[in-house]
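For reference, the structure is listed below as structure tokens.
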Amino acid sequence: MITMIDTLKQDIRDYLEKTLEARFQQVIPVVVEEPKKADQGDLSVPVFSIVKELRQPLPLITQLVKQLLLEGELSTMIDHIDVMGGFVNVHFDKKAMADQIIANFTRDLLNNQLGSSNEGVGKTIVMDYSSPNIAKTFSIGHLRSTIIGHAIGNLLEKCGYHVVRINHLGDWGTQFGKIIYAYLHYGDPAKVEANPIEELVKLYVDFHEREKQDPNLEVEARAVFKGLEDRNPQYLALWEKFREVSLQEYMKIYDLLGVRFDSYAGEASYVDKTDAIIEELTAKGLLVEDQGAMIVDLGDIAPALIQKSDGTTLYFTRELAALFFRKREYDFDKVLYVVGNEQKLHFEQLRRVVDKMGYDFPEDIIHVNFGLVLQDGKKMSTRKGKIVKLIDVLEEAISMSLSYIGDKNPDLENKEEIAKKIGTSAIIFNDLKNYRVNDFEFNLDDMVNFNGQTGPYLQYTSVRITSILATSPIDSSRINEDVFLDEVAFDMLKEISLYQDTISRAAREFAPSILAKYLLHLASLFNSYYGKERIVVEDSMERNAKFLLLFMVRAVLDDGMKLLGMQVIEKM
RNA sequence: GACCCGGUAGCUCAGUUGGAUAGAGCAACGGCCUUCUAAGCCGUCGGUCGGGGGUUCGAAUCCCUUCCGGGUCGCCA
């Protein structure tokens, strides 16, 4: 739970600030950072801010800082200090640091706390993610929500939070009026039975086509939805059926991705709670009529629509009902909505309405937004039938990994099983490696490219290590520490010591990409080491040290991959 | 039109509180498998950090302005 570099950084900053304040009777902010280049040391202190505060010549200050560091308690960890221009570069004693890092790692591993922290202990976070729309194709867009949400949930749990995972199914709304209308008027029950989602989507797209010719259809569909909200038994039965078959389809994808939820309560389960919301808004004088609909006026931003002119509820109304239900049910500290960028306004409205209602938790409502999946630079749309099916992409990735295996390791056992793990992990990693708010141009070639910064690269690195470690057992009590003096070996140790800090940062920023990039860097260090150093050597002291190092790298890689929702494999 | 994102190498992207010579991968080209898995490693090529101005000892990072791309903006979710 302690990261070496990070604590040292803090310690040096605190020490220098305290000492300088004592000496000059003024508060001087000190910056401590990790230099980019190896010859610039392990930590660096740019002294410009100190020079400015004290108005003294730069060489004098650099000498002073160097002197203070050598006199301080931390000097036992310091090998030597260089001064380069305005930078005081601290080089640590590699063996002393290696000892510390290994000791910390071993302790964390034994306590099953690798990468763990306790910053979230006692706090509950409710997460709303995946949330596909019933009777619609599970698209690449929903994939983003699913895997980003899943990874963030894992990261938060690692930091000690209690996480409640909710799949807020889009199982209510005007769209069902359209689908039910279309099904009843020109749907083919046999076809729908055979191929539910595909046929329902066809009906939906078809409806929009016909609507262009006959605007009256929209009115008809609204009437059907109204009937649904008024509990028309025929409509309800159809709705239930559509929901059932859709969910079955989605579960296949969740199984493949290894994703699970604590609740599948969709929008429909909040319809009966919207009356209470409307009453409360009315009682608080927030609800006003406008053009026949009921809205909450939010001043400088677009108003929130609460009730349509025909009396039916809206997405926003059900969202409010769900929010208050969750607050009562789980008493969350934060609620995270893993939903695309395009709904930014919606969540701003949600916060504003909660604030206007007089509650104290609008700041705990967090929109974890992510970029759109674009096609030809434009948004995909179910309505226009312009959508990429996730299952097709997954299958493509799996068959691609199968052909890789046939190419590179034809004798491998359980080819199909492993190909599945490689393919799905590749898709997951391909999404998570980039910062989530960036838009995402859909490109199948990129997704199934397995070279370079990819999921298979991480898995391959772990597999390589497994294969080496299988050659002989490690005796970690008999190691030659000179191994850690190697630049790349030492970099790996430093990187390992940053694991927990990386997870905390990724969790704090709800950004799995931070962990993904970290894992890539660690894997790349190992592969570089592997390329230049022979690992399985005769000398047992040297071998033990190298094996220990590899063991640590693999432990971190595997743990990190699992957090991202990827599968760890032993052979490929 | 208003508001919100984004613009860094041919392509996909990193770049933490402003710090040293802006980094990876892909693609291209050249090397490395009789020894630990070549899904790898090493090297070469590739940059007006969209443009302009400002703040600063120091700006890809902060401020202003402008151009370009995308998204959103009352009865869809």
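Computed over heavy atoms, backbone and side chain alike; hydrogens, waters and symmetry mates excluded. So that the names make sense, note that chain A is the first sequence line, chain B the second, and so on, each numbered from 1.
- With both ends at atom C1', the span from B/rG25 to B/rA14 equals 10 Å, rounded to whole Å.
- Nucleotide B/rC4 holds its P atom 12 Å from the CZ atom of A/Arg352, rounded to whole Å.
- The listed nucleotides are B/rC75, B/rG70, B/rU17; the one nearest the side chain of A/Arg13 is B/rU17.
- Note on A/Leu372: only backbone sugar-phosphate atoms sit closer than 4.0 angstrom, heavy atoms only; bases stay farther off.
- The aromatic rings of A/Tyr530 and A/Phe526 sit tilted, their planes meeting at an angle between 30° and 60°.
- The P atoms of B/rC45 and B/rC29 are separated by 16 Å, rounded to the nearest whole Å.
- Within the 4.0 Å cut-off from OP1 or OP2 of B/rU16, not a single side-chain nitrogen or oxygen of A/Lys9 is found.
- Counting non-hydrogen atoms under 4.0 angstrom, A/Leu305 reaches a base of the nucleic acid.
- Contact check, A/Tyr460 against B/rA39: a side-chain N or O comes under 4.0 Å of OP1 or OP2.
- Per the geometry, CD belonging to A/Gln453 stands 11 Å off P belonging to B/rG40, to the nearest Å.
- Rounded to a whole angstrom, the distance from the C1' atom of B/rG7 to that of B/rG51 is 12 Å.
- Picking from B/rU37, B/rC75, B/rC5 the nucleotide with the shortest atom distance to the side chain of A/Ile468 gives B/rU37.
- With a cut-off of 3.5 Å on both Watson-Crick or G-U wobble distances, the partner of B/rA28 is given as B/rU44.
- Within the nucleic acid shown, A/Arg508 has no heavy atom closer than 4.0 Å to any nucleic acid atom.
- Here A/Ser467 lies in heavy-atom contact (under 4.0 Å) with a base.
- Between A/Tyr337 and A/Phe347, the ring planes are tilted. Angles from 30° to 60° get that label.
- Residue A/Glu267 is classed as a sugar-phosphate contact, given heavy-atom separations below 4.0 Å to backbone atoms only.
- The residue A/Glu348 sits apart from the nucleic acid: no heavy atom pair falls under 4.0 Å.
- Residue-level contact check: A/Asn438 touches the backbone only, with heavy atoms under 4.0 Å from sugar-phosphate atoms and none from bases.
- If you take atom C1' in B/rA22 and the same atom in B/rG15, they sit 8 Å apart, rounded to whole Å.
- Residue A/Leu458 contributes atom CG, which lies 14 Å from atom P of B/rG25 at whole-angstrom precision.
- A/Tyr530 has its OH atom 4 Å from the P atom of B/rA38, to the nearest Å.
- In this pair, A/Tyr457 does not lay its aromatic ring on the base of B/rG40; centres under 5.5 Å and planes under 30 degrees do not both hold.
- The distance from atom CG of A/Asp128 to atom P of B/rA77 is 15 Å, rounded to the nearest whole Å.
- Ring planes of A/His168 and A/Tyr270: tilted class, angle from 30 to 60°.
- Nucleotides B/rG69 and B/rU8, compared at atom P, are 14 Å apart to the nearest Å.
- For A/Asn89 (side chain) and A/Gly41 (main-chain N/O), no donor-acceptor pair under 3.5 Å exists by modelled atom type.
- In this structure, A/Met294 reaches neither bases nor backbone, as no heavy-atom distance under 4.0 Å exists between it and the strands shown.
- Nucleic acid contact class of A/Gln459 (heavy atoms, under 4.0 Å, all strands): none.
- Between B/rC36, B/rC76, B/rA39, one nucleotide has an atom nearer to the side chain of A/Ile535 than all others, and that is B/rC36.
- Using a 5.5 Å limit on the distance between ring centres and a 30° limit on the angle between planes, the aromatic ring of A/Phe87 does not count as stacked on the six-membered base ring of B/rG19.
- The residue A/Tyr435 sits close only to the backbone: its heavy atoms come under 4.0 Å of sugar-phosphate atoms, none of a base.
- Partner assigned to B/rC49 is none, using Watson-Crick or G-U wobble distances below 3.5 angstrom.
- In this structure, the ring of A/His142 has its center no less than 6.0 angstrom from the ring center of A/Tyr250.
- Base contact: A/Ile405 has a heavy atom under 4.0 Å from a base atom.
- No side-chain heavy atom of A/Lys571 sits under 4.5 Å from any side-chain heavy atom of A/Glu413.
- Side-chain atoms of A/Lys517 lie closest to B/rC13 of the nucleotides B/rC13, B/rC73, B/rC36.
- At a threshold of 4.0 angstrom between heavy atoms, the contacts of A/Asn430 with the nucleic acid are absent.
- The side chain of A/Asn451 has B/rG40 as its nearest neighbour among B/rG40, B/rG74, B/rA20.
- Comparing B/rC41, B/rC75, B/rA38 against the side chain of A/Asn527 picks out B/rC41 as the nearest.
- Between B/rU44 and B/rA39, the distance separating the two C1' atoms is 23 Å to the nearest Å.
- Among B/rU37, B/rA20, B/rC26, the nucleotide with an atom closest to any side-chain atom of A/Asn449 is B/rC26.
- Using a 4.5 Å heavy-atom threshold, the side chains of A/Phe87 and A/Phe48 count as touching.
- Using a 4.0 Å heavy-atom criterion, one finds that A/Glu533 contacts the bases of the nucleic acid, with or without backbone contacts as well.
- Residues A/Ser513 and A/Asn369 each lie close to RNA chain B; by heavy-atom proximity, the contact nearer the 5' end of the strand is made by A/Asn369.
- Taking CG from A/Asn414 and NZ from A/Lys420, the interatomic distance works out to 12.0 Å, rounded to the nearest 0.5 Å.
- Atom CD of A/Gln500 and atom P of B/rU16 are 20 Å apart (whole Å).
- Pairing for B/rA39 is absent, judged as Watson-Crick or G-U wobble with the two contacts each under 3.5 Å.
- Remark: the separation of the P atoms in B/rA60 and B/rG53 is 14 Å, to the nearest Å.
- Between A/Phe207 and A/Tyr181, the two ring planes are perpendicular [angle over 60°; tilted spans 30° to 60°].
- Looking at A/Asn167 and A/Ser131, their side chains come closer than 4.5 Å, going by heavy atoms from C-beta outward.
- In this structure B/rU72 sits in a base pair with B/rA2, meeting the Watson-Crick or G-U test at under 3.5 Å.
- A/Ile301 has its CD1 atom 13 Å from the C1' atom of B/rG74, to the nearest Å.
- Annotation: B/rA59 and B/rC49 have their C1' atoms spaced 11 Å apart (nearest Å).
- In this structure, B/rC33 shows a glycosidic angle within 90 degrees of zero, which is the syn conformation.
- The residue among A/Gln175 and A/Asp446 whose nearest nucleotide of RNA chain B is located toward the 5' end is A/Asp446.
- Listed candidates were B/rC42, B/rA20, B/rG74. Nearest to the side chain of A/Gln40 is B/rA20.
- Checked against B/rU56, B/rG74, B/rC76, the side chain of A/Ile295 finds its nearest nucleotide in B/rG74.
- Note on A/Lys571: a base of the nucleic acid sits closer than 4.0 angstrom, heavy atoms only.
- Proximity note for A/Asn133 (side chain, C-beta onward) versus B/rA77, B/rC76, B/rC36: the nearest is B/rA77.
- B/rA39 has A/Tyr404 stacked on its base ring, the centres lying under 5.5 angstrom apart and the planes within 30 degrees of parallel.
- Between A/Thr174 and the phosphate of B/rA77, there is a side-chain N or O to OP1/OP2 separation shorter than 4.0 Å.
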